[in-house]
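What follows is a short report on a single structure.
Given the structure is predicted, the values throughout are model-derived calculations rather than measurements.
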Amino acid sequence: MIEFRKDLFADERDDRLTVIGKPVRRQDILGHVTGRSPFFDDHLFEGLLHLRCARSPHHHARIRRIDVTEAERSPGVVRVLTGRDVPCNLNTLLSLLDFGIDDEPVLSGERVRYMGEPVAAVIAESEAAAREGAAKVRVDYEPLPHVLDVEEAIKPGAPVVLDIYPGNRFICHGKYDHQKLRFGDVEAALRTADYVVEGRYQMSPIEQAPIETCGAIAAPETNDRYVCYTSTQALFFSLATTSKVLRLPSSRLHFIGGTVGGGFGGKVDSIHEPLAILGAMLTGRPVKYAWDREEEMQVGGPRGAERWYITDGVMRDGRIVARKFVGYFDSGAYTRLTSYAIMKAVGHLPGPYTIPNVYADVYCVFTNRTPATAMRGFGITGVDFAIEAHMDKVAEVVGMNPIEFRILNSYRDGDMKAHRRIAKNCALIECCQVVAEKAGVALSPEAKRASSRQGGGGERAQLPPRTALDEKGRVEGFAAHGYARKGHRRGAPDTPVRPSPEPAFARTSSALPARDIASKPPSTAGAPPQPAPARAAPSQPPLPSPPSGPAPRAPIRFSSISGLRRR
């Protein structure tokens, strides 16, 4: 019998597992097989207008001038929108959670930072007319140097993607240019290890490729409200984003989600709704804004690229005594969800293995690529690939069966994790034993007898006797105790604030998130270059300042894997 977390989910799980292996009828299957499931594009309106965007042909360029005169005169064009028409023309989804700074224009007006970035939106009587009008938007670009590789982006002298992040690195917790994890003394453990094994692992961006492309249809309703049919995966995120971008109370917005024709994470931070509703507001008619397949592939946010460097210190008997991670997440040109992905990744390290010394520096890096977003366990999937590929590599070096190598190092109930939480309900050992049986791999008697319920705790539950302090990567010019400015008007360019002095962190407690604790990293061949600290942000960021508006509401409550909670 499998034990679940009954203290938290007493009424939500059936330990008998009577569903697995049996046919179960989905609740929505009848509508799907009969073609009656309603999608956003099934809602047709009389007088429906269509919206298409004019997009940048450059990876990085300054916009000298946008001329929409010819587009406005194009047959069938009703209205052309630029960034000046958007009430709050700066956005990032995580700022709703007090977890980031608004950095991405809805329609760019001063600079474009990736190929395909929208600079104008053309609203017309038909899709063909909207396409023709968008092709007639004339933009005078001054091409600028661009950077497409994460490690090139953090070198001194690299082109700056976002002026509010002059080192091309997201600022974590308002004070560090990377997310840290420090547990024990990795440098000392690597010196005592019998083997030191290094690896470099690269994941490319992946497009989610839903059958239904992203889109929304908006229309005026009675009582000065607007209805929006949308394919979003996150209805309340989209509602809050629209409320912020259009400076409208959410009571004036009627969002209807319905069936999503595939998303896989790519429809979490949709910004189709604000432009569709803005078009309906300015024209008084229904407006549809939907990507075609080319746009979905080119400008739809993919799973971001990841690059991982892993160094393991291993003893001859196969015990891993140290593991060092240096990771780079390619955020693309704007933050979107990548800053959260690195928090998830670091909270997951060092994988499902008990390792007494763990070190991680993980960077959210800005490049002139399409901004990345969510996809199927983003923040975890990529680093898991790197960890497990590295486990096979280390097992080969020490001459062990890779399954037995995993069983030896797996978490047992009661073990202390590197981020200072006690492991519970572990089952990797049992999974490995079943895999070996199914694959016909012979295990030693010791590996067959091993259990996730035995051998844990005790010394394995203790915090390391020494964990060194670390201030590497500390930056100036950002508030020390928050991701976003307190009392800062949402959507306005950010004015840097010098952090207040903070006492040295020298505590180790199971109630604290893993951070601020380190030893000097070992000098190992092939390790990536260490980035220079970011400079203070300039006082005049180039992103446009929106018109003034009502005071912002309190941020949505959010609890992340780091243990942080904002109210």
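Taking Thr354 as the reference, Tyr411, Asp415, Arg460 meet the side chain to side chain contact (heavy atoms under 4.5 Å, CB included) condition, with sequence neighbours excluded. Residues passing the ring-ring contact (aromatic ring centres under 6.0 Å, His included) test with Phe264: none are found, sequence neighbours excluded. With sequence neighbours left out, the ring-ring contact (aromatic ring centres under 6.0 Å, His included) criterion links Phe329 to Trp308. Residues passing the side chain to side chain donor-acceptor pair (under 3.5 Å) test with Arg200, sequence neighbours excluded: Tyr309.
Taking the charged nitrogens against the carboxylate oxygens, Arg307 and Asp330 have no contact shorter than 4.0 Å, which rules out a salt bridge. Lys175 and Glu476 are not joined by a salt bridge, as no carboxylate oxygen comes within less than 4.0 angstrom of a charged side-chain nitrogen. Asp163 and Arg111 are joined by a salt bridge, as a carboxylate oxygen and a charged side-chain nitrogen come within less than 4.0 angstrom of each other. A salt bridge links Arg191 with Glu187: the distance from a Lys NZ or Arg NE/NH1/NH2 to an Asp or Glu carboxylate oxygen falls below 4.0 Å. Using a cut-off of 4.0 Å between Lys/Arg side-chain N and Asp/Glu carboxylate O, Glu152 and Lys155 are scored as salt-bridged.
We find the CG-CD1 distance between Asp312 and Ile355 to be 6.0 Å, quoted to the nearest 0.5 Å. Taking CZ from Arg474 and NE2 from His173, the interatomic distance works out to 12.0 Å, rounded to the nearest 0.5 Å. How far OH of Tyr165 is from OG of Ser339: 7.5 Å, rounded to the nearest 0.5 Å. A distance of 14.0 Å separates CE of Met375 from CG of Leu337, quoted to the nearest 0.5 Å. The OG atom of Ser331 sits 9.0 Å away from atom CZ of Phe170, with the distance rounded to the nearest 0.5 Å.
Heavy-atom neighbours of Arg138 CZ from other residues, nucleotides or ligands within 6.0 Å: above the threshold of 12.
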I would like to know whether His58 and Ser56 meet side-chain hydrogen bond (donor to acceptor under 3.5 Å, both in side chains); could you show each step before the answer?
CA-CA 5 Å; His58 302 285; Ser56 164; 5.8 Å; no

Take Tyr114 and His59, measure what ring-ring contact (aromatic ring centres under 6.0 Å, His included) needs, and give me the verdict at the end.
CA-CA 4 Å; Tyr114 67 96; His59 291 295; 9.6 Å; no

Does the pair Lys267 and Thr373 meet the rule for a side-chain hydrogen bond (donor to acceptor under 3.5 Å, both in side chains), with working shown?
CA-CA 9 Å; Lys267 295 177 180 176; Thr373 189; over 6 Å; no

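Under the 3.5 Å distance criterion, the side-chain polar atoms of Gln233 are matched with a main-chain donor or acceptor of Gly265. With hydrogens and angles disregarded, no donor-acceptor distance shorter than 3.5 Å links the side chain of Asp361 to the backbone of Lys180. Counting only distance, with no hydrogens or angles, the side chain of Lys324 and the backbone of Ala360 share no donor-acceptor pair below 3.5 Å. Put simply, the side chain of Asn409 never gets that close to the backbone of Arg319: no donor and acceptor are under 3.5 Å apart. A donor-acceptor distance shorter than 3.5 angstrom exists from the side chain of Thr467 to the backbone of Gly184, with no hydrogens or angles considered.
Between Tyr363 and Tyr328, the ring planes lie parallel to each other; the angle is under 30°, not in the 30° to 60° tilted range.
Applying the salt bridge (charged side-chain N to carboxylate O under 4.0 Å, His left out) definition to pairs two or more places apart or across chains, those involving residues 379-394 are Glu388-Arg406, Asp392-Arg406.
Each of Glu294, Glu295, Glu117 was compared with Arg55 under the salt bridge (Lys or Arg N to Asp or Glu O under 4.0 Å) criterion, and only Glu295 meets it.
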Please list, one pair per line, the donor and acceptor atoms closer than 3.5 Å that link side chains of residues 139-146 to other protein atoms, with sequence neighbours excluded.
from: Asp140; atom 1: OD1; to: Arg64; atom 2: NH1; distance (Å): 3.3
from: Glu142; atom 1: OE1; to: Arg62; atom 2: NH1; distance (Å): 3.2
from: Glu142; atom 1: OE2; to: Arg62; atom 2: NH1; distance (Å): 3.4

